[in-house]
There are 2 protein chains.
Amino acid sequence: MRTSTAEAMEICSVEVTVSLLGGCWKLTIIQKLLEGTLRFGELRREVGYVTDRVLTRQLRELEADGIIHREVYPQVPPKVEYSLTPLGESLRDMVAMMDAWGQHWAKEQGVGAATEKSAEPAAV
Amino acid sequence: MRTSTAEAMEICSVEVTVSLLGGCWKLTIIQKLLEGTLRFGELRREVGYVTDRVLTRQLRELEADGIIHREVYPQVPPKVEYSLTPLGESLRDMVAMMDAWGQHWAKEQGVGAATEKSAEPAAV
DNA sequence: CAGCATCCTCGAGGATACTG
DNA sequence: CAGTATCCTCGAGGATGCTG
């Protein structure tokens, strides 16, 4: 993906969005955060199969892109809360739409098509 | 991205959508196709910087996922037309939304934030 | 024209271990 | 608890050249 957000912008805005939210768990993270502020650990548990390193990275990227806010509490047992910025909040409808379309796709093609494509090859 | 659409489905529908449309030029392709049927060459030109191999792959994937239709004309000068399936058409609103959000982001954070992040490093 | 075939790069994503 | 540090894999994306 050469689309470095900067490059993407010169192509078309859709690519920008993808380059920003295309990360592996980003949309899931945003979706969870849409329901409220979460701590690092909570987020990790919510998201599911994601390692600290990866989650941290995604969060930092989202933060750098102004989509989420990172609030650090200088305490002995570290505490860091993540929440959406207004810009992140502005994704609510889009996330809902993508979620709905994902389900729609699963219903339309998922069962039939996906079976052909990734029935056995799919590990486990 | 371990999310193999199949895996993604078990996590959340949003990831499904990303796994389906997250490909490098997929959204751009769809966006162009939303305006009408296009031939391979036209599409290649429309999309911009994309090689045959990559474009072909993205198209095949989109086809396999039931998003676009590939019409081959058995002629001497080969002719292949690509168009959206109803499922692909159903992406119209979402694409528009993503496009709008991409622009919104560019306006909100793009100028300021993006500059810090990828001003000079961005290869020309 | 619309592609395959080949080869290569490169970095996102992941696994594991350690720490303030 | 919330990371950071290392190392590794793997395949998407890309460059180039050939062809029916």
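Residue numbers begin at 1 in each chain, while the letters A, B, ... track the order of the sequences.
Computed from coordinates, the Leu55(B) CG to dC1(C) C1' distance equals 13 Å when rounded to whole Å. Taking atom CH2 of Trp25(B) as the reference point, atom P of dG13(D) lies 10 Å away to the nearest angstrom. Going from atom CG of Leu62(A) over to atom P of dG13(C) covers 11 Å, rounded to whole Å. Separating the NZ atom of Lys26(B) from the C1' atom of dA12(D) is a distance of 10 Å, rounded to the nearest angstrom. Straight-line distance from the CD atom of Glu42(B) to the P atom of dA2(C): 8 Å, rounded to whole Å. Between Tyr49(B) atom OH and dA12(D) atom C1' the separation is 21 Å, expressed in whole Å. Spacing between atom CD1 of Ile29(A) and atom P of dG13(C) amounts to 10 Å, rounded to whole angstrom units. Distance CD (Glu81(B)) to P (dC1(C)): 15 Å, rounded to an integer number of Å.
In the set dA2(D), dA2(C), dT16(D), the nucleotide with an atom closest to the side chain of Thr51(B) is dT16(D).
Salt bridge absent: Glu42(A) and Arg45(A) never bring a charged side-chain N and a carboxylate O closer than 4.0 Å. A salt bridge links Glu61(B) with Lys26(B); the closest basic N to acidic carboxylate O contact falls under 4.0 Å.
Look at Gln75(B) and you won't find any side-chain N or O under 4.0 angstrom from OP1 or OP2 of dA2(C). Contact between the side-chain N/O atoms of Gln58(A) and the OP1/OP2 oxygens of dG13(C) is found at a separation under 4.0 Å.
Using modelled atom types and a 3.5 Å distance limit, the side chains of Thr17(A) and Trp105(B) yield no donor-acceptor pair.
Side-chain contact check for Arg60(B) versus Arg70(B): some heavy-atom pair is nearer than 4.5 Å.
For the side chain to side chain contact (heavy atoms under 4.5 Å, CB included) test, residues two or more places apart in sequence or in another chain that qualify with Arg53(B) are Thr51(B), Arg57(B). By the side-chain hydrogen bond (donor to acceptor under 3.5 Å, both in side chains) test, Asp52(A) is found to be paired with Arg44(A), residues two or more places apart in sequence or in another chain being considered. Residues meeting the side chain to side chain contact (heavy atoms under 4.5 Å, CB included) test with Met97(A), sequence neighbours left out: Asp93(B), Met94(B), Met97(B).
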Polar atom pairs (N or O), protein with nucleotides 3-10 of chain D, under 3.5 Å:
unit_1, atom_1, unit_2, atom_2, d
dG3(D), OP1, Arg60(A), NH2, 2.8
dG3(D), OP1, Arg70(A), NH2, 2.6
dG3(D), OP2, Tyr82(A), OH, 2.7
dG3(D), N7, Asp52(A), OD2, 3.1
dT4(D), OP1, Arg60(A), NH1, 3.2
dT4(D), OP2, Arg60(A), NH1, 3.3
dT6(D), O4, Arg53(A), NE, 2.8

I'd like a table of donor-acceptor pairs (distance under 3.5 Å, sequence neighbours excluded) in which one partner is a side-chain atom from residues 30-39 of chain A, with atom names and distances.
unit_1, atom_1, unit_2, atom_2, d
Gln31(A), NE2, Asp99(A), OD1, 3.2
Arg39(A), NH2, Pro78(A), O, 3.3

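Rounded to 10 degrees, the angle between the two end axes of the helix from dC1(C)-dG20(D) to dG20(C)-dC1(D) is 60°, with five pairs used at each end.
The residue from Leu43(A), Leu59(A), Val54(A), Leu62(A) that alone fulfils the side-chain contact (heavy atoms from CB on, under 4.5 Å) condition with Trp25(A) is Val54(A).
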